[in-house]
*Asks:* 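If you scroll down you'll find the structure; I have some questions about it.
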Number of protein chains: 2
Amino acid sequence: MLKLSTKGQYGVRAMFEVARNYGKGTTTIKEISERQDVSVSYLEQLLNRLRRAGLVDSVKGPGGGYVLTREPAQVTIGDILRVLEGPVAITSCMDPSADGCERVDSCVARLLWKSLGERIEKFLDQITLQELLEEEKNILSGTLRIGRL
Amino acid sequence: MLKLSTKGQYGVRAMFEVARNYGKGTTTIKEISERQDVSVSYLEQLLNRLRRAGLVDSVKGPGGGYVLTREPAQVTIGDILRVLEGPVAITSCMDPSADGCERVDSCVARLLWKSLGERIEKFLDQITLQELLEEEKNILSGTLRIGRL
DNA sequence: AGAATACTTGACAATAATTGTTGGTCTTTC
DNA sequence: GAAAGACCAACAATTATTGTCAAGTATTCT
């Protein structure tokens with residue numbers, strides 16, 4: 001239950017690859033495709049949306065690719081997922097773009113889903129690409145984790 | 001993103017109706033159907049699975065219906081959802097029934113999804129039907145909430 | 001200029017999950 | 001035995017997911 005579609009998963013992993021090169025240059029779709037094993041065409045779709053949302057910039061021509069528009073510490077997982085998957089909406093009655101059910105006021109379940117959604121969102125907005133980068137360093141060096149993950 | 005299918009939503013609402021009558025008698029599918037506006041046939045499917053999982057007992061014949069097998073305070077939302085929707089598995093690599101990806105050890109994203117899943121599960125296992133019942137009382141009486149929702 | 005590299009866009013197709021419905025059976029109470 | 005009610009399996013419609021494909025646009029290097 002509560003699955004995340006591959007769109008969001010790939011998106012986060014793609015952004016992670018771009019973040020990796022932050023300050024060092026661009027990251028091409030081809031590189032991401034190879035490192036993360038996702039098709040070039042599909043990544044194009046995803047990065048395009050992330051660009052239009054202002055999370056990355058693209059540079060054309062040889063030596064081109066994608067770059068973050070802000071530091072990894074300023075990009076949360078929530079930012080990425082909201083662009084690709086829309087807002088957290090456990091139930092359709094929590095979806096701002098859908099029309100609510102008429103039972104709204106007396107619905108106990110609604111409170112439950114609302115509360116869960118808020119907790120999820122809080123978590124996703126707390127974790128940044130910077131933290132993923134540090135986490136990876138720790139994994140590779142075998143260091144004990146202290147972070148929020 | 002992170003939607004819960006109607007199966008789980010209806011299931012929780014159905015169990016809530018059964019919990020409402022706890023200690024007072026059985027609850028028929030027809031009653032649930034009318035109060036929660038879900039088709040009889042669909043509810044049959046859901047309650048059947050909840051029965052086979054041991055969360056409710058069924059009584060056939062006139063005056064029959066469903067009853068909780070334990071007190072509302074002993075049934076968590078997580079219990080219900082796991083029966084109807086399977087375990088929390090944000091990504092397929094977190095699904096115990098699927099085979100993991102080969103990248104397991106070095107995958108940073110994996111830690112992220114694992115951590116999120118654990119938090120969600122903790123929350124769902126913390127909220128019981130009893131709490132929903134109390135919550136409803138509060139809503140109806142206009143009382144200020146103090147609970148975990 | 002020409003070639004290489006890479007991004008852009010829209011259409012569309014295969015697959016899988018969701019969301020139920022239909023139609024019938026079995027059991028118990030009155 | 002008739003009505004109330006649970007039980008069960010099959011399957012069909014719809015929607016979401018998960019991509020691919022093809023044709024084009026832009027930029028830079030040599």
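Keep in mind it's a predicted model, so treat the numbers as computed, not measured. To find a chain, count down the sequence lines: A is the first, B the second, and so on, and within it residues start at 1.
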*Asks:* For B:V83, enumerate each residue passing the side chain to side chain contact (heavy atoms under 4.5 Å, CB included) test, keeping only those at least two apart in sequence or located in another chain.
*Replies:*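 Partners of B:V83 by the side chain to side chain contact (heavy atoms under 4.5 Å, CB included) criterion, ordered by chain and then number, come out as B:R49, B:L50, B:A53, B:L55.
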*Asks:* May I ask you to say whether B:K122 pairs ionically with B:E118, meaning some side-chain N is under 4.0 Å from a carboxylate O?
*Replies:*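 So B:K122 does not pair with B:E118 through a salt bridge.
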*Asks:* What pairs of nitrogen or oxygen atoms, one from the protein and one from nucleotides 11-16 of chain D, lie under 3.5 Å apart?
*Replies:*
none

*Asks:* What is the distance, rounded to the nearest whole Å, between atom CG of B:D57 and atom P of D:dG5?
*Replies:*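 Interatomic distance, CG of B:D57 to P of D:dG5: 18 Å.
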*Asks:* How many Å lie between CG on B:L50 and C1' on D:dA6, as a whole number?
*Replies:*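 Atom CG in B:L50 sits about 14 Å away from atom C1' in D:dA6.
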*Asks:* How many whole angstroms separate atom CD of A:Q9 from atom C1' of D:dG19?
*Replies:*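 A:Q9 atom CD is separated from D:dG19 atom C1' by 14 Å.
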*Asks:* Once you round it to whole Å, what is the distance between C1' of C:dT5 and CD of A:E34?
*Replies:*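 Roughly 14 Å, once rounded to whole Å.
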*Asks:* Filter on salt bridge (Lys or Arg N to Asp or Glu O under 4.0 Å), then keep only pairs touching residues 62-77 of chain B, sequence neighbours left out; what's left?
*Replies:*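 For residues 62-77 of chain B, and leaving out neighbouring residues, the salt bridge (Lys or Arg N to Asp or Glu O under 4.0 Å) pairs sorted by first residue read B:R70-B:D79.
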*Asks:* Does a side-chain N or O of B:Y42 approach OP1 or OP2 of C:dT18 to a distance below 4.0 Å, or not?
*Replies:*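 No, outside the criterion.
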*Asks:* Take the protein atom CG of B:L46 and the nucleotide atom P of D:dA6, then report the distance between them rounded to whole Å.
*Replies:*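 Taking atom P of D:dA6 as the reference, CG of B:L46 is at 13 Å.
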*Asks:* With sequence neighbours left out, what residues match B:E134 under side chain to side chain contact (heavy atoms under 4.5 Å, CB included)?
*Replies:*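 If we apply the side chain to side chain contact (heavy atoms under 4.5 Å, CB included) test to B:E134, skipping adjacent residues, the hits are B:Q130.
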*Asks:* Is B:E85 paired with B:K7 through a side-chain N to carboxylate O contact shorter than 4.0 Å?
*Replies:*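 A salt bridge is absent here (no side-chain N lies under 4.0 Å from a carboxylate O).
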*Asks:* When you measure from the side chain of A:R119 to the backbone N and O of A:F123, does any donor-acceptor pair fall under 3.5 Å?
*Replies:*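 Checking the backbone N and O of A:F123 against the side chain of A:R119, no donor-acceptor pair under 3.5 Å is found.
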*Asks:* Restricting both atoms to N or O, compile the protein contacts to nucleotides 7-16 of chain C shorter than 3.5 Å, with distance only.
*Replies:*
| from | atom 1 | to | atom 2 | distance (Å) |
| --- | --- | --- | --- | --- |
| C:dT8 | OP1 | A:R51 | NE | 2.9 |
| C:dT8 | OP1 | A:R51 | NH2 | 3.1 |
| C:dT8 | OP2 | A:R51 | NE | 3.3 |
| C:dT8 | OP2 | A:Y66 | OH | 3.2 |
| C:dT9 | OP2 | A:N48 | OD1 | 3.4 |

*Asks:* Check side chain to side chain contact (heavy atoms under 4.5 Å, CB included) between A:E31 and all other residues, then give those that pass, not counting sequence neighbours.
*Replies:*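 Partners of A:E31 by the side chain to side chain contact (heavy atoms under 4.5 Å, CB included) criterion, ordered by chain and then number, come out as A:N21, A:T27, A:T28.
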*Asks:* Do the charged groups of B:R148 and B:E131 touch, with an N to O distance under 4.0 Å?
*Replies:*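 Counted as a salt bridge, because a side-chain N and a carboxylate O are separated by less than 4.0 Å.
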*Asks:* Taking only the side-chain nitrogens and oxygens of B:S39, find out if one of them lies under 4.0 Å from OP1 or OP2 of C:dG20.
*Replies:*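 Indeed not, no polar side-chain atom of B:S39 lies that close.
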*Asks:* Report the distance from atom CG of B:N21 to atom P of D:dG5, rounded to the nearest whole Å.
*Replies:*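 So the CG-P distance, B:N21 to D:dG5, works out to 13 Å.
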*Asks:* Looking at D:dT17, I'd like to know if its phosphate oxygens (OP1 or OP2) sit under 4.0 Å from a side-chain N or O belonging to A:T6.
*Replies:*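 No.
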*Asks:* Would you give the length of the straight line joining atom CD of A:E121 to atom CG of B:L2, rounded to the nearest 0.5 angstrom?
*Replies:*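 Answer rounded to 0.5 Å: 9.5 Å.
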*Asks:* Given atom CZ of A:R49 and atom C1' of D:dG19, what is their separation to the nearest angstrom?
*Replies:*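 Those two atoms, CZ and C1', are 14 Å apart.
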*Asks:* Let me know the distance between CG of A:D37 and C1' of D:dG19, rounded to the nearest Å.
*Replies:*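 These atoms are roughly 14 Å apart.
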*Asks:* Does a nitrogen or oxygen in the side chain of B:Y10 sit under 4.0 Å from OP1 or OP2 of C:dT19?
*Replies:*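 Answer no for this pair, as no side-chain N or O of B:Y10 is under 4.0 Å from OP1 or OP2.
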*Asks:* Side chain of A:S5, heavy atoms from C-beta onward: which of D:dT17, D:dA3, D:dG19 has the nearest atom to it?
*Replies:*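 For the A:S5 side chain, the nearest candidate turns out to be D:dT17.
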